[in-house]
Enquirer: 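This is the structure I want to talk about, given as C-alpha cells.
Given the structure is predicted, the values throughout are model-derived calculations rather than measurements. The figures here come from the full heavy-atom set of this structure, side chains too, leaving out hydrogens, waters and symmetry mates. Note that ligands are numbered from 1 as they come in the structure, with each ligand's atoms numbered from 1 the same way.
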Amino acid sequence: MRYINQTAFNLASRAATLLGGMILSLAAQAWELPVGTFQFEPVADKVYVMHGPRSQPNPDNQGFMNNPGLIVGRSGLILVDPGSSLQVGHKILEEVAKISDKPVITVFNSHIHGDHWLGNQSVRQIYPDADIYAHARTITQAQGSEGATWLNLMSRLTEGQTEGTEIVTANKTAQHGDLIVVDGEEFRIHSLLPSHTDTDIMIEHVGSGTIFTGDNCFNLRMGRFDDSSSVSGTITALEYLVEQNFAQVVPGHGPSGSPQEVLMPYLDYLRALREAVAAGLEDELEDYEIKQRILPDFVYLADWSEFDSLFGRNVNKMFLELEAF
Ligand SMILES: [Zn+2]
C-alpha cells in the first residue's frame, strides 16, 4: 500500500514537473525583448491586448511601444494598431496565432503616428485580402511626407532594425459615428478632432464595451502633443469618453483598465495642466517661468514614463494654445 502510494506520489510529482516544464516552455514562447516579454492577454470576452513597452522607440524595444488589440470573430480576426514596422508586425502576428489560428480579416489604424500602423505591411503580406480602416487624413498623410518621416524616424531610433518596412496605407475610411460590422462583431467609431492629432479614430468593440482610445489616452505615461494636436481638444475627447461609460479602456500606451483607472488620471492631469498654465498666463509669465512655478505641483507624476522629457513640452504646447485663444 505504501509502495503504491509512493508510486502515485512519484507519478504526481513527475506530472507536476512536466506541467511546470510545459508552462515554462509556453512562457518562453512569448515574444522576448531586452525590455520584457510580450504576449496577448484577455481584457474582455473575445478581446485581447498585447501591452507594449512604454518607452520611446529604441534598439532594445525594436520600435515596439504600442498596445496592439485583437478581437476574435466567428471566422476571422480583427486587429487594432498592428505595431511599428514590418518586423514588429510579424512578431505581433506570431503572438496572434497563439490565441487563434483564424485569419486576420480587418485592421483598424487609430491615427497617423507610425508606431501604430507601420505593421500594416506585415498583415498585408500574410493576409492580402484584409481590409484596413483609418481616418481619411491618416491615409493622405501616410502617403505624403508624414509617412516618410515616420519610416526614417523608426529606422534611426532603432539603429536600422526596421529597415525594409514600407508604407502600406488603409484602403477604407472611418469617421465619427460609423458602425462597422465585421464577421458579426460591431465596431463603433468615435472621432473628436483635433485631439492627439487631426487624424484620430477611437474604436469601440460594442459587444464587450471596450474602447480602444489610441493616443487620446495614455496610462502611466506622459502624452506627446505635436503640431497637429490640441490639448484642449484631447480634454474634450476624454470628457466625451467618460460620459460613454465604457466597461474597459485600452489606452494607446500603458496598461488597460476601467475608465476610472485609465481615463481619469490622464484627464485630471490635462485639466490641471490647463488650469496651471492659464494662471501663469494671467500673471504674464513666459512658458519656461510657468514650468518652473508649476513643476512642484506635478512631481506626483514623476514615475509616469517620459515625464522628464515631455512635461516641459506639454507646458509649452498648452501655453501656445491658450495664448492663441
Ligand atoms: Zn500617437
Enquirer: Verify the distance test for Asp215 against the Zn ion (ligand 1): any N/O/S atom under 2.8 Å, yes or no.
Expert: yes
Enquirer: For residues 238-246, run the donor-acceptor check on the side chains, cut-off 3.5 Å, and write out each pair with its distance to 0.1 Å, sequence neighbours left out.
Expert:
residue	atom	partner	partner atom	Å
Glu239	OE2	Arg271	NE	3.2
Glu239	OE2	Arg271	NH2	2.9
Tyr240	OH	His190	ND1	2.6
Gln244	NE2	Tyr240	O	3.4

Enquirer: Under 2.8 Å from the Zn ion (ligand 1), is there an N/O/S atom belonging to His116?
Expert: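 Given the 2.8 Å cut-off, His116 does not count as a ligand of the Zn ion (ligand 1).
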Enquirer: Rounded to 10 degrees, what angle sits at the Zn ion (ligand 1) between His113 ND1 and His196 NE2?
Expert: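 Once rounded, the angle between the two atoms at the Zn ion (ligand 1) is 80°.
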Enquirer: Would you say the ring centroid of Trp31 lies under 6.0 angstrom from that of Phe64?
Expert: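 Centroid separation for Trp31 and Phe64: below 6.0 Å.
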Enquirer: Do His116 and Ser84 have a side chain donor and acceptor closer than 3.5 Å?
Expert: no
Enquirer: Between Glu321 and Arg274, is the closest basic N to carboxylate O distance under 4.0 Å?
Expert: no
